[in-house]
Amino acid sequence: MKNSQKYVKQYFAPQGVTMDWTKKTSIDKPPVWCSVDLRDGNQALIIPMSLEEKLEFFTLLCKIGFKEIEVGFPAASETEYEFCRALIERELIPDDVTIQVLTQAREHIIAKTFQALKGAKNAIVHVYNSTSVAQREQVFRRSKEQIVEIAVAGAKLCKEYADSADANIRLEYSPESFTGTEPEFAVEICNAVLDVWKPTKEKKAIINLPVTVENSMPHVYANQVEYMCKNLRYRENVVVSLHPHNDRGCAVADSELGLLAGGDRIEGTLFGNGERTGNVDIVTLALNMYSQGIDPLLDFSDLPTITAVYERVTRMKVSERQPYSGQLVFAAFSGSHQDAIAKGMKYRVERNADTWTVPYLPLDPADVGRVYEADVIRINSQSGKGGIGYILETQFHFILPPKMREKFGYHVKSISDHEHRELAPQEVYDIFVRDFVNLTEKLNVLEAGYDDVSAERIKGKIVIEYAGKATTVETEGNGRLDCVSQAIKSVTGREYTLENYVEHALEEKSTSQAASYICIAEKGNTYWGVGIHTDIMTSSVKALVSAVNRML
């Protein structure tokens, strides 16, 4: 990388700002949200959406809760014009939703824009012109005074058309490429527009401050926003809007700091779709607020469905690591992470907690339509006993003893490592049943009868099948399970000790099956077996037989 010296700062840090916003630690209320998916987002697609796809997307945005939606640039193409007309003529715009349209500050374009809005009840006309040093010098080759003249002329035309329109028309102005514009000039041109519109409390104007190209750190943008907020005329009647792009990967940070610095409104897209690296991701921004206890007034409770619609109509893919919405963002493969999550979930149940503080999960996956069992604990060679045990307990109701959970965890990890792939929960269960539950391959107890001799000793007649041969063994032990164990030892000639025994019901009802877990030890090695049966004694015998079969 030898050419860094050719890059120069293309932004202007305003002078005299007090950076009051740095004293705030969080955003205390949601902004006004404006989706620009159907304009900014659509123009960035390889294959733009069809009319019907746009209509479906518009319906989705309304369902999510957007009250302001930019629907296009009607004067730019017939397709854009027809979409605007379709929304109006088919009466698809809810009464509490305002559509927004974009126009350049040119008379014939403004005229067609208002023509497209005929019949709309509520609309925002968004007029813009470029103001940055680079645009003035290289593209338009005009002085500051000439650039102001363009903005004022456009503002006057928009006001004339809006005043004569049979609709509630609000006006918005953007000094395009704002972040590359000298702050003093940005204030000058915005105030010149506001002097034309003279906004009131009843009819506020919108001043939009776009990060058309992100070329500074987020705090610089926040200072620019603070400077504008403190120097705009009619401030109490102006909605300061932010429109960050993501060239440096900081659009969310630009938005959050810009809101702290005085911004009132956000223009962005679902999942950050847009030109180059995209617009600010409203899903991320809104759910960041939600995870801090602020209701964003947007409904992302069924994020998988929203994602599916978005991917289908835009033909774009939401990254697996996209915050909140990606397939893997709640997934924990690491053993220590899985263990912490499982314990955190158990802690919530024990304490009946009404706040969310689960380790490694900044947001409750259920709040955005995700499923704990399928999305949170994922099993591969990096997984731990806690996560694997969590899968068996939450999905299949098996509560493994701690030592067995460790043993089974290594067993599953070994299989995943050998096959070089993730294991689904059902596969984990299948391995558990195949390798530990009700095993009878080498040895099986066919019958077991008992006679009480005393409180301490019981006689048993046990029929065992071993090596293809059935043998009846009469034994005596300190309990029925011990009788069976003594019979097994006599038939197999193996000496082992019973190390651990745990049992529980698989379901909370009288007819449920019982699960028994038994660990036996021989020559320093331990072997676990599991038995399942409606009778607890039978399940215990099956667990012992399973452990012996693993030993054999």
Side-chain angles (χ1 to χ4, degrees), residues 304 307-308 318-321 326-346 358 360-361 365-366 369-442 502-507 512-519 526-533 539 542-543 545-552:
T307 304
V318 174
S319 167
E320 291 177 332
R321 297 295 182 188
Q327 282 296 311
L328 296 179
V329 297
F330 295 111
F333 291 99
S334 161
S336 61
H337 289 206
Q338 291 176 347
D339 185 58
I341 291 170
K343 288 175 178 174
M345 297 294 288
K346 185 177 181 179
V358 175
Y360 297 111
L361 294 178
R370 301 292 287 272
V371 180
Y372 295 116
E373 293 80 7
D375 292 324
V376 178
I377 305 296
R378 305 285 289 266
I379 306 303
N380 65 10
S381 61
Q382 305 303 309
S383 302
K385 61 183 185 295
I388 294 168
Y390 181 81
I391 289 289
L392 285 180
E393 180 173 349
T394 56
Q395 293 203 43
F396 304 105
H397 312 296
F398 288 97
I399 307 172
L400 275 60
K403 290 292 185 181
M404 184 182 184
R405 193 163 62 235
E406 181 177 358
K407 195 88 168 181
F408 181 63
Y410 282 118
H411 183 66
V412 170
K413 288 171 60 174
S414 176
I415 292 172
S416 175
D417 192 28
H418 179 73
E419 297 184 8
H420 300 290
R421 66 182 182 89
E422 180 185 358
L423 299 175
Q426 184 63 46
E427 290 180 291
V428 173
Y429 171 76
D430 291 342
I431 292 168
F432 176 67
V433 171
R434 182 194 70 197
D435 295 344
F436 289 86
V437 179
N438 293 357
L439 304 181
T440 60
E441 183 180 353
K442 296 179 183 296
V502 178
E503 64 186 39
H504 67 79
L506 281 176
E507 296 176 16
S512 69
Q513 292 184 314
S516 298
Y517 308 85
I518 283 181
C519 177
T526 58
Y527 307 92
W528 282 90
V530 181
I532 301 174
H533 198 270
S539 74
K542 288 180 176 293
V545 169
S546 295
V548 170
N549 272 293
R550 288 188 59 79
M551 177 184 68
L552 293 173

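These numbers come from a predicted model, not from an experiment. Residue numbers start at 1 and run along the sequence shown.
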Margin query: Could you walk me through whether Met404 and Val530 satisfy the side chain to side chain contact (heavy atoms under 4.5 Å, CB included) test, starting with their C-alpha distance in whole Å, then the side-chain angles of each, then the deciding distance to 0.1 Å, before giving a yes or no?
Written below: CA-CA 10 Å; Met404 184 182 184; Val530 181; 3.3 Å; yes

Item checked: Nearest atoms (heavy-atom pairs only) where Pro425 meets Ile391 -> CB-CG2, 3.9 Å

Item checked: Main-chain N/O of His504 paired with Tyr517 side-chain donor or acceptor, under 3.5 Å -> no

Check: Backbone N or O of Val412 within a donor-acceptor pair of the Ser416 side chain at under 3.5 Å?
Finding: no

Checklist line | Residue pair Phe398, Val433: steps toward the side chain to side chain contact (heavy atoms under 4.5 Å, CB included) verdict | finding: CA-CA 11 Å; Phe398 288 97; Val433 171; 5.6 Å; no

Notebook entry, point to check: Considering residues at least two apart in sequence or located in another chain, which fulfil the salt bridge (Lys or Arg N to Asp or Glu O under 4.0 Å) criterion with Lys442?
Noted result: none

Check: At their closest point, which heavy atom of Phe408 faces which heavy atom of Val428, and how far apart are they?
Finding: CZ-O, 3.7 Å

Check: Taking the side chain from Lys403 and the backbone from Cys519, do they hold a donor-acceptor pair closer than 3.5 Å?
Finding: no

Notebook entry, point to check: Roughly how far, to the nearest 0.5 Å, is the CZ atom of Arg421 from the NE2 atom of His418?
Noted result: 11.0 Å

Check: Does Lys542 offer a backbone N or O that forms a donor-acceptor pair with the side chain of Asn438 under 3.5 Å?
Finding: no

Next item on the list: Starting at OG of Ser319, measure out to CG of Leu328 and round the result to the nearest 0.5 Å.
Entry: 8.5 Å

Checklist line | For Ser539 against Ala514, the heavy-atom pair lying closest together | finding: CB-O, 3.7 Å

Next item on the list: Report the distance from atom CG of Asp435 to atom CG of Asn549, rounding to the nearest 0.5 Å.
Entry: 12.0 Å

Margin query: Return the CZ to CG distance between Arg405 and Asp339, rounded to the nearest 0.5 Å.
Written below: 7.5 Å

Next item on the list: Could you grab the distance from atom CE of Met345 to atom CD of Glu393, nearest 0.5 Å is fine?
Entry: 11.0 Å

Note to self: Donor-acceptor check, side chain of Ser546 to backbone of Leu439, threshold 3.5 angstrom: yes or no?
What the structure shows: yes

Next item on the list: Measure the acute angle between the ring planes of Tyr360 and His337, then classify it against the limits of 30° and 60° as parallel, tilted or perpendicular.
Entry: parallel

Check: Which atom names give the shortest non-hydrogen contact between Gly369 and Pro304, and what distance separates them?
Finding: O-CG, 3.6 Å

Notebook entry, point to check: For the residue pair Tyr429 and Phe396, does the interplanar ring angle fall in the parallel (under 30°), tilted (30 to 60°) or perpendicular (over 60°) class?
Noted result: parallel

Checklist line | Smallest separation among heavy atoms of Ala543 and Ser516, with atom names | finding: CB-O, 3.4 Å

Note to self: Once rounded to the nearest 0.5 Å, what's the spacing between atom NE2 of His411 and atom CH2 of Trp528?
What the structure shows: 15.0 Å

